[in-house]
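Reviewing the structure listed below.
Because only heavy atoms are used, hydrogens play no part in the values below, and waters and symmetry mates are left out as well, while side chains stay in.
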Amino acid sequence: MTTEIPPQLPSDSPAVAAHDFGAVAAASVMAECLRVQADVLPSSAFGRFIGRSPLSDDSLPWYLGALGELDVAARLASLDEGWTVLHSVPVGTRGSDVDHVVVGAAGVFTINSKFHEGARVWVGGRRILVNGQKTDHLRNTRYEVSRTQKLLSAVVGTDVPVRGAIVIVGAKQIAIREQPTDMAVVGASQLLRWLKKQKPILEPAQLAAVSAAVRTEATWSSEPRALPDTSGFAALRREVDGARRTRMAWGIAVLVAILGVTGPLTLDFYARTFGG
């Protein structure tokens, strides 16, 4: 299964200033990907010729994580002005962040993007399996929800309802046997429909207060925030995509060569066998 990358992503848009709080999707994972990738030697001429990926085993998970967050961010950009959407929201003092925070009349949602390319995902009430392996997705999302609810409630002065959602990107199959009682697990293509189906619970005044608190950087963390290197990650994406196209071209060339040899032989065989 190939990785689908939206043609226009929030972090690539010149209309988004890097200093705008919550405006750049996948900021923290892009930064970590570039940090790890900085120790990787550039591809050799032969490596580029055959289309070898420039990513190392250590940087690949961060790269895929960034693609997952960018995919979800691009979908969330389609929400109308009645929604407030922030990305890569830093929380606390240890470098943690929430992938996406969405606020609407239906309340506050913390959205955890998970990129599982070509995987089979099984969802139960108490666990999520990816290709049969247990994950920490539910536990981590519950922690994000609890933390977000405490922060926003303290700022707004009333209890702020927060619900978590785990969005699966790139999976080959998502089998939902049972949804967890305290959050939702959805495929990326279902995210907007799910959000819009949630019932309104906030009055206009409450929604305005919560939205203002969410957009205020001091609500989340007192640590200085580093500006994301979106241009560096965009350059890396172009290199990765170019390598993939080169590998595809080689694959097609090999297939054509094989058919060029076996095709005439097959025709000759059939002619000799059934030609009479």
Side-chain angles (χ1 to χ4, degrees), residues 9-35 62 65-66 68-113 140-167 191 195 201-234:
L9 300 172
S11 64
D12 295 335
S13 173
V16 177
H19 63 273
D20 289 346
F21 178 66
V24 180
S28 62
V29 283
M30 286 194 296
E32 188 62 18
C33 177
L34 292 176
R35 185 191 69 79
W62 295 104
E69 292 188 34
L70 290 169
D71 181 286
V72 172
R75 297 174 192 275
L76 292 173
S78 299
L79 291 172
D80 61 36
E81 60 184 12
W83 297 84
T84 297
V85 179
L86 280 78
H87 310 290
S88 196
V89 179
V91 182
T93 59
R94 297 185 179 181
S96 299
D97 77 342
V98 181
D99 294 349
H100 319 274
V101 177
V102 178
V103 183
V108 180
F109 302 89
T110 65
I111 297 179
N112 194 352
S113 302
N140 294 341
T141 303
R142 288 190 179 104
Y143 179 70
E144 287 183 353
V145 168
S146 176
R147 202 172 188 184
T148 298
Q149 188 168 30
K150 289 178 182 178
L151 288 171
L152 293 180
S153 298
V155 172
V156 176
T158 59
D159 185 45
V160 176
V162 180
R163 189 178 181 190
I166 299 171
V167 180
L191 173 59
L195 282 172
I201 58 175
L202 296 179
E203 297 295 332
Q206 294 175 301
L207 176 57
V210 172
S211 297
V214 165
R215 290 193 299 265
T216 302
E217 187 170 357
T219 297
W220 302 96
S221 176
S222 59
E223 281 195 340
R225 182 169 48 95
L227 297 180
D229 183 9
T230 56
S231 61
F233 188 81

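Using a 4.5 Å heavy-atom cutoff, the side chains of D229 and M30 are not in contact. Within the 4.5 Å cutoff, no side-chain heavy atoms of V72 are placed close to those of D99. Put simply, the side chain of V91 does not reach to within 4.5 Å of the side chain of Y143, judged on heavy atoms. Side-chain atoms of V167 and R75, non-hydrogen and from C-beta on, never get closer than 4.5 Å to each other. V102 places a side-chain heavy atom less than 4.5 Å from the side chain of L79.
In this structure, the separation between CG on L191 and CZ on F109 is 10.0 Å, given to the nearest 0.5 Å. Separation of atoms CG (L34) and CH2 (W62) is listed at 12.0 Å; rounding is to 0.5 Å. Atom CG of residue D159 and atom NZ of residue K150 lie 12.0 Å apart, to the nearest 0.5 angstrom. Here the CG-CZ distance, from L195 to R163, works out to 10.0 Å after rounding to the nearest 0.5 Å. Interatomic distance, CD of Q206 versus OG of S211, reported as 11.0 Å (0.5 Å rounding).
A donor-acceptor distance shorter than 3.5 angstrom exists from the side chain of T216 to the backbone of A212, with no hydrogens or angles considered. In this structure a side-chain-to-backbone donor-acceptor pair under 3.5 Å is present from S88 to S28. Not one N or O on the side chain of W220 forms a donor-acceptor pair closer than 3.5 Å with the backbone of T148.
Remark: A165 pairs with I111, W194 by the side-chain contact (heavy atoms from CB on, under 4.5 Å) rule, at least two apart or across chains. Qualifying side-chain contact (heavy atoms from CB on, under 4.5 Å) partners for D80, counting only residues two or more places apart in sequence or in other chains: W83. For S113, the side chain to side chain donor-acceptor pair (under 3.5 Å) test picks out H100, with sequence neighbours left out.
A salt bridge links R35 and E32; the closest N-O separation between the charged side-chain nitrogens and carboxylate oxygens is under 4.0 Å.
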